[in-house]
Amino acid sequence: SNLYRRRGELYRDAGDAHLRLDDPARALEMYDRGAALPLLDPDAMLNRRVAALMRLGRPAAASAAVLASIDERGGQIGG
């Protein structure tokens, strides 16, 4: 079903809501769940995960997430 295919985006939207409610830990949990699913725009999820990590005061983890994404793309930056 369409809802099943959009699970990643639904987790993204839930993470956005938690971030607006000033709950970056829960937002990060939603973003991590969504990132494990097929996404139309994986870069948008990465940006959100980095933002949540920075709000949690975890810049090293944010940097690691970016580096892991670059590594997964064979060294390419961006889509």
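Quick note: numbers below take in every heavy atom, side chains included, and nothing from hydrogens, waters or symmetry partners. Quick caveat: nothing in here was measured; it's all calculated off a predicted structure.
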Side-chain atoms of residues 19-42: list all donor-acceptor pairs with protein atoms under 3.5 Å, sequence neighbours left out, distances to 0.1 Å.
unit_1 : atom_1 : unit_2 : atom_2 : d
D22    : OD1    : R55    : NH2    : 2.6
D23    : OD1    : R26    : N      : 3.3
R26    : NH1    : E29    : OE1    : 3.1
R26    : NH1    : E29    : OE2    : 2.8
E29    : OE2    : R33    : NH2    : 3.0
Y31    : OH     : G15    : O      : 3.3
Y31    : OH     : D16    : N      : 3.1
Y31    : OH     : D16    : OD1    : 2.6
D32    : OD1    : R49    : NE     : 2.7
D32    : OD1    : R49    : NH2    : 3.1
D41    : OD1    : D43    : N      : 3.4
D41    : OD1    : A44    : N      : 3.4

Apply side chain to side chain contact (heavy atoms under 4.5 Å, CB included) to A62 and list each qualifying residue two or more places apart in sequence or on a separate chain.
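With sequence neighbours excluded, A62 shows a side chain to side chain contact (heavy atoms under 4.5 Å, CB included) to V50, L53, M54, given in chain and number order.
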Compare every heavy atom of L46 with every heavy atom of A65, then report the nearest pair and how far apart it is.
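The answer is O-CD1, 3.8 Å.
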Show me the pairs that pass salt bridge (Lys or Arg N to Asp or Glu O under 4.0 Å) and involve residues 2-11, at least two apart or across chains.
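Matches after skipping sequence neighbours: none remain.
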Sequence neighbours excluded - side chain to side chain donor-acceptor pair (under 3.5 Å) pairs with any residue from residues 58-68
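As it turns out, there is no side chain to side chain donor-acceptor pair (under 3.5 Å) pair with a partner in residues 58-68 once direct neighbours are skipped.
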